[in-house]
Amino acid sequence: MSERGAASVDTEGERRRGGRSPAISRRAALAGAAGLTMATSGCLSQFRSIVNRDDIDQLSLTITTLPADGDRESIRLAREIAAVLETAGVDTAIEMRSNEEFLRAILINHDFDIYVGQHPGGIDPDFLYESLHSLYADESGWQNPFGFTNLLVDDLLETQREADGEERRDAVETLLEALAVEQPFVPVCTPTEHRLVRADRFEGWADGHLATRGGYLGLEPLTEESSEQLRTVHMDARPSQNLNPLTAEYRDRGTITGLLYDSLATETVTADGDSSLEPWLAEDVEWVDESTLVVELQPDCTFHDGESLTASDVAFSYRFLADTALGGDSSPAPSPRFRGRVAAIDEVEASDEHTLEFAVDAGQAVGEQALTVPILPEHIWRDRADEASVRGVRVAQGTTEAVVTNNFPPVGSGPFQYADHTDREHVTFERFDDHFTLREDVDRPEPTVDELRVQIDPRSTSAIQLLEDDAADVTSSALETYVVDDIDVSEDVELVESPSWTFYHLGFNARKAPFSNPRFRQVVARLLDKAWLVEEVFDGHARPIATPVTEEWVPDGLEWDGEDPEMPFLGSNGDLDVEAARAAFEDAGFRYDSDGTLRVRH
Amino acid sequence: MLTEVLTRVAVVVGIMLPISIALFIGRERLETTFTEWRARLRISGPVLVVLGIALVLNRMMRRSDPDIGFHMTSAIRDIEGEFILIFQRVANAYLTEYFAWIYVYGYTYLLIFPAVAYFVLSDTRMFRRLLTAYTLNYGLGLVLYLLVIAYGPRNILAGELETVLYDHNPEYQHLTREVNRNTNVFPSLHTSLAATVGIFAYLSRDEYLKWFPVAVVLAVSVIISTMYLGIHWAIDVVAGLALAALCVWLSDVIVGRWSLSASIGRLTGSDGSDGADESDGVDSD
């Protein structure tokens, strides 16, 4: 990685030099020759002001995205976007990276112009706080990868965070309206998630959303054999390579690590998308005053290695996620995931073995969201606060062992424990018999199978084949949309369709001009015909959106009504109106050359 | 599923080999081979060992992810644009079926049969040259794979390509994807090895006149299949052809140049079977 980094810095340097040095030398030569004649005529200062102006070049940008093996919809979106940008006079290139390299470039190194991909989103709109707050513009992870900074938006993000009930709903509405104008990123659409399940082996597929831990718990085995093993097919090899709940590059929504690590509360989502936050590892959660939350843990819980799970592990987890260096580094090294949620907690105190007191620095709705982060065993993670080291390589500041370890074997307290894995082939878990859900007096969905095997199979077509051949029970990743219409469902194989809270989007790197300019971003947003893209790229299995939150949070003014209410497409049926696009860029203060190329200072 | 596919490949090639031996080689040559095989193996031993090592190394390196190359996908696209989509104009279900069959079974057979055919020639030079050329293909191909990080057409033109191998025959990805990284596209080893066999078929047309046209048809089909099925860019194919020509030429330069090979051959004996390339023949992307 460091070599790659060094190489790219070099080429950039060269490009800059290569781009400018001829101009400088030409200028120098001119100045030398003409200066002699002009010096005598007294026009030297005017001459200087003529030649010492940098010319503005054509805007040339790179769209970073995933190859079809990683995310077929992303590369197709990126190509359509590249095509409209080209039409609008922007020189566009597409750069593809594998899943983890893509996330590393975007989230960790911020090495991109614009990117196209899927955002994990959130059931609660508070995910926008960590995504966009300017305080996080310099951190690595899902916290503000865009480098977006706007003090007014900061205010709105904080207001919705502190409010509750109707007041919060209004605050969210104001925030979403501001974002629809600012366009820190362009939300394109929310996909509909399709998964195949074997109805002859298990019952209860509709009870839990299969992107959450609840989807894999409480399933009712229908045969003797199916109670032995739940066989999932996963279309992404990363869980077989890393099971660290903190590593941003290897996690999407963290469904699998959610089965290994418990959290105090869990978002219970049905396959239809109805959700509610319910206590999980916490037996009881109570607000004792406006900003103090008292949590009572399930008694006598243990981690997979037999060590007992106490309130001090919980308190440690919150401290650790806020600073994975535990104060050992010159500045805090916050986790690249869960940043916004942990920031809602000011202080956690263990009052006894089973009881904790949370001082919450947010409203109650957001405060409770903070209870969904993974609980880590202190005896394992404390040592991971040290800075990661690779001999002979300078490691970036804040890179603790905790955020880079691949965490095999993972030790959590969740309903399943690690058994075995082979890179790019499978990862297998077995039931954790001491899990609290298996107790007589606890009525929560529990692991009902002896073993959970996650088989890696990189493509939808072969994953479907595995299900049809009765070699798998469920496709744990959502199927690619292009195969959905061709699926033959039978009595034994069913298609589960569920709503998503993820969304496809175009992200700008606001650290760079012209992406830092909201007027520029607005025009780019208007170059995308989202409804057409949904038909073309997603075969209609998605919903075009003007705002990146779940349906219940969408304000009336941002409801999709056949077109984007705020950023309507400059054209129709996917065909860009070139004149209108040019006029929009010109109205935004940019200019075109006579050859139709967009000239931008960058 | 992998075992299933492998078995099918073994069965198909297992049926095709005896038929082609009967058709192209003839009884006489087989009979002399029965008396001379030990001596021939001894002479060819070192080449076999080197090929074996190259195959193992190739497999190991392709699995790893050393991350030292240059990203070239956009450069390739800048050069050739969307040339590859030309094949979509003539695409139909039968052609797709044909090329998928060629890509997996035809290719495996194309690599294995010449090894048998040249082994039964009393002069082992052709056999050793062929194996040397195979080795060079894998070796040089690997170096280029490390240097050039690029995704194939199926990964970027996903919407336009209707004939992607893994959509029509998802089971084949178990042969290719599991052992390969999907950025190993430049050059096309399918092309270079098929072309290598084609050139050798031309060189040996005096011995195997009937094999020559068959080899040419198969080799050309393999080369087209890599583009038709959306696996390789035209540039990968051009590079593959150049690599083939280079390897055939180098094999002529190398084989028999050093008498050492003969003496080492006597020491190492008949070690190293050529079973290795049977399973490996199909896994280059």
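Quick note on labels: first sequence line is chain A, next is B, and so on, each numbered from 1.
Not counting sequence neighbours, the partners of Asp470(A) by the side chain to side chain donor-acceptor pair (under 3.5 Å) test are Arg198(A), Arg231(A). Residues satisfying the side chain to side chain donor-acceptor pair (under 3.5 Å) test with Tyr228(B), not counting sequence neighbours, are Thr96(B). Considering only residues two or more places apart in sequence or on other chains, Leu495(A) meets the side chain to side chain contact (heavy atoms under 4.5 Å, CB included) condition with His194(A), Leu196(A), Leu479(A), Val484(A), Ile487(A), Val489(A).
Gln465(A) approaches Pro170(B) most closely through the heavy-atom pair NE2-CG, 3.8 Å. Closest approach of Ala68(A) and Arg154(B) over heavy atoms only: CB-O, 3.6 Å. Among all heavy-atom pairs drawn from Glu95(A) and Ser74(B), the shortest one is OE2-OG, 4.5 Å.
Rounding to the nearest 0.5 Å places CG of Asp167(B) at 9.5 Å from OG of Ser462(A). Rounding to the nearest 0.5 angstrom, the gap separating the CD atom in Glu101(A) from the CD1 atom in Ile149(B) is 6.5 Å. One finds the CD1 atom of Ile156(B) at 4.0 Å from the CE atom of Met96(A) (value rounded to the nearest 0.5 Å).
Tyr151(B) places no side-chain N or O within donor-acceptor distance of the main-chain N or O of Leu66(A), the cut-off being under 3.5 Å.
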**Prompt:** Are Thr461(A) and His168(B) close enough, and set up right, to give a side chain to side chain contact (heavy atoms under 4.5 Å, CB included), and what steps lead you there?
**Reply:** CA-CA 8 Å; Thr461(A) 42; His168(B) 289 267; over 6 Å; no
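Contacts with chain A (heavy atom to heavy atom, under 4.5 Å) involve these residues of residues 77-93 of chain B, listed by number: Arg77(B), Glu82(B).
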